[in-house]
Amino acid sequence: MDDAVVVGAGPNGLAAAVALARGGATVRVLEARDEIGGGTRTAALTLPGFVHDVCSGCHPMGILSPFFRTLDLDAHGLRWIRPPASVAHPLDDAPAVLLRRSLDETARELGADAAAYRRLFAPFLRDPHGLLADLLAPLRLPRHPIAMARFGLDGLWPATTALRTRFRAERARAVLAGCAAHSVLPLERPITFAVAMVFALTAHVEDWPVAAGGSQAITRALASLLRTLGGRIDTGVAVRRVADLPPSRVVLFDTSPAQLADVCEPVLPARYVRRLRRYRYGPGAFKLDWALDGPIPWRDPRCLEASTVHVGGTLDEIAAAESAVWRGEHSERPFLLVVQQSQFDTGRAPAGKHTGYAYCHVPAASSVDCTDAIERQIERFAPGFRARILARHRTAPADFARANPNYVGGAITGGVADLTQLFTRPVARVDPYSTPNPRVFLCSAATPPGGGVHGMCGYFAARSALRRLERLPETASPFASGGRS
Ligand SMILES: Cc1cc2nc3c(=O)[nH]c(=O)nc-3n(C[C@H](O)[C@H](O)[C@H](O)COP(=O)(O)OP(=O)(O)OC[C@H]3O[C@@H](n4cnc5c(N)ncnc54)[C@H](O)[C@@H]3O)c2cc1C
């Protein structure tokens, strides 16, 4: 019997497994699909010779993850490729704004707002890794209370309010609105400015990298490390009922709260299961992957220097597009997250050809085909783009949900991360990774600190499970405590 079983081999499941194994536990991972990776999978979605990131494409949180930074993932095949700039934000009648590692160079892009931009970020760059360790953690006493207090006071504001009051001109407002839109929230909601600040801050610490060969290299490296620590991974094993679980002392679920409720209903209190079922997942995503005949022909060619391009124009336009999604509407001019992997990782496409993807947020479970709206937005800033498309692959919310039941309604970030669900995910508990059953834990992006490929949910869940393992009897079989404890 293993000490721990982890259900799901996404970045959080594998991070949990590695942390458990490093803590001395024996671990077995069960993955429903025939391959590991979850939201980091890589596949040939279009033409022979083109390699695509099925979900995550760009990894500021991966390269800066406080847990991943303690692991020698390079020795297990992970190579980050850094672009010259993290983000490009094209505008209609002006040069694009480039978010670069250098605070000064970035500030110089912002004209009249240069000083205000420098003033906002400079204090957080004194010890950015310390601050990120506090930000990518569950609610706890911060290790860097002064920086966190300052960050919290600034970040609590809605992005729209903060951007209109702090900055005078469109360039700073637009580039930070693009960062805020990673929240998948209306930008009029509290704490959306914190999301803008986190993403911009990461860009001043690291260039948002792509993983050489595809994002799956991240989870392949975690899996390889896990095996050297004695862990086992079984693919093609879907866990649908408690009876599907092999004996172990604890079980960690890298799944949605809904799946945890479905599988563990017999061994969890009914009240807790009801709370899991009330968890909110938020909007879905509609994504296009392209095989291209050449690079994206941005009107401002400097956009090719960035791994990520935020396409959506001004603050007002981006805010309108994201709010529309929450009203159940599809914007004519959606906000797009574009990643141009082959620009930096030449192995992703045949010589002279390119890959790229873009996705926009859409109402949950939407069945609207956004292909035209997405490609029109890119054409707006890159005339001639459509003529470069050799092949495209569409992924609609239903496709995301079919490929991975964690993506409920096509929601891709593990659930709404608003003020009421950011730290209380999946439900309000002192230890959000634990459940009322002492043997059952949740370790997915539906726990703090939430979505993204950083493994921190898995790491903190593993720490919680390791503490429990110290107290559980060695010989216990799963749920031996009678389940409804
Ligand atoms: C289109 C898209 C773009 C994204 N872009 C980025 C990005 O650029 N950067 C970034 O950092 N993040 C990005 N993300 C988010 C990121 O991919 C997720 O937040 C992250 O993968 C969550 O990791 P996880 O381990 O919690 O869950 P997942 O990655 O969803 O992994 C869960 C795993 O568990 C398996 N599983 C589920 N249920 C069961 C079951 N019952 N039995 C057995 N196995 C099961 C699944 O098959 C899957 O392999 C993106 C996501 C999407 C979809």
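For ligands, and for the atoms within them, numbers begin at 1 and follow the listed sequence. Please read all numbers here as calculations on a predicted model, not as lab measurements.
Atom CZ of Arg240 is surrounded by 12 or fewer heavy atoms from other residues, nucleotides or ligands within 6.0 Å. Sparse packing is recorded around CD of Glu332, with 12 or fewer heavy atoms of other residues, nucleotides or ligands lying under 6.0 Å away.
Residue contacts with ligand 1: Val239 is placed with a nitrogen or oxygen under 3.5 Å of a nitrogen or oxygen of the ligand (distance criterion only). Checking only distances, Thr413 never comes within under 3.5 Å of ligand 1, N or O to N or O. Among the atoms of Val54, none of the N or O lies under 3.5 angstrom from an N or O of ligand 1. Inclusion of Gly57 in the set of residues having an N or O under 3.5 Å from an N or O of ligand 1 is warranted. Every N/O-N/O distance between Pro405 and ligand 1 stays at or above 3.5 Å. At least one N/O-N/O distance between Gly452 and ligand 1 falls below 3.5 Å.
Atom 39 (C) of ligand 1 has as its closest protein heavy atom Gln259 OE1, 3.9 Å. Counting only heavy atoms of the protein, atom 43 (C) of ligand 1 lies nearest to Ala32 N, 3.3 Å. Of the protein's non-hydrogen atoms, Gly39 N, 2.7 Å is the one closest to atom 29 (O) of ligand 1. At the shortest separation from atom 9 (N) of ligand 1 among protein heavy atoms lies Cys58 O, 2.8 Å. Protein heavy atom in closest approach to atom 13 (C) of ligand 1: Ser56 CB, 3.3 Å. Protein heavy atom closest to atom 27 (O) of ligand 1, with residue, atom name and distance, is Asp254 OD1, 3.5 Å. Here the heavy atom of the protein found nearest to atom 11 (O) of ligand 1 is Val453 N, 2.8 Å. Among protein heavy atoms, atom 35 (C) of ligand 1 sits closest to Glu31 OE1, 3.2 Å.
At least one heavy atom of Tyr357 lies less than 4.0 angstrom from ligand 1. Ligand 1 lies nowhere less than 4.0 angstrom from a heavy atom belonging to Gly62. Contact between Cys457 and ligand 1 is absent, with no heavy atom of the residue lying under 4.0 Å from the ligand. Heavy atoms of Met61 come nearer than 4.0 angstrom to ligand 1 in no pair at all. Judged by the shortest distance from any of its heavy atoms, Val237 lies inside the 4.0 Å radius around the atoms of ligand 1.
The aromatic rings of Phe124 and Phe151 stand perpendicular to each other, their planes meeting at an angle above 60°, with 30° marking the opposite boundary. Between Phe400 and Tyr407, the ring planes lie perpendicular to each other; the angle is over 60°, past the 30° to 60° tilted range. Relative ring orientation between Trp208 and His182 is described as perpendicular, the plane-to-plane angle rising above 60° on a 0-90° scale split at 30° and 60°.
At a heavy-atom cutoff of 4.0 Å, ligand 1 is contacted by the side chain of Thr255 but not by its backbone. Heavy atoms of Thr395 found under 4.0 angstrom from ligand 1: none, in either backbone or side chain. Residue Leu30 touches ligand 1 through its backbone alone, judged by heavy-atom distances below 4.0 Å.
For residues 443-455, the set of pairs meeting the side chain to side chain donor-acceptor pair (under 3.5 Å) definition, not counting sequence neighbours, is empty.
Taking the six-membered ring for Trp, Phe335 and His310 have ring centres closer than 6.0 Å. Ring pair Phe385/Trp290: centre-to-centre distance below 6.0 Å.
The two atoms that bring Ser56 and Tyr357 nearest to each other are C-OH, 3.6 Å, heavy atoms only.
Here Arg232 does not pair with Glu31 in a salt bridge; the nearest charged N to carboxylate O distance is not below 4.0 Å.
The cationic atom of Lys353 (NZ for Lys, CZ for Arg) does not lie both less than 6.0 Å from the six-membered ring centre of Phe50 and within 45° of the ring axis.
In the model, Thr235 has no side-chain atom that pairs as donor or acceptor with a side-chain atom of Asp34 under 3.5 Å.
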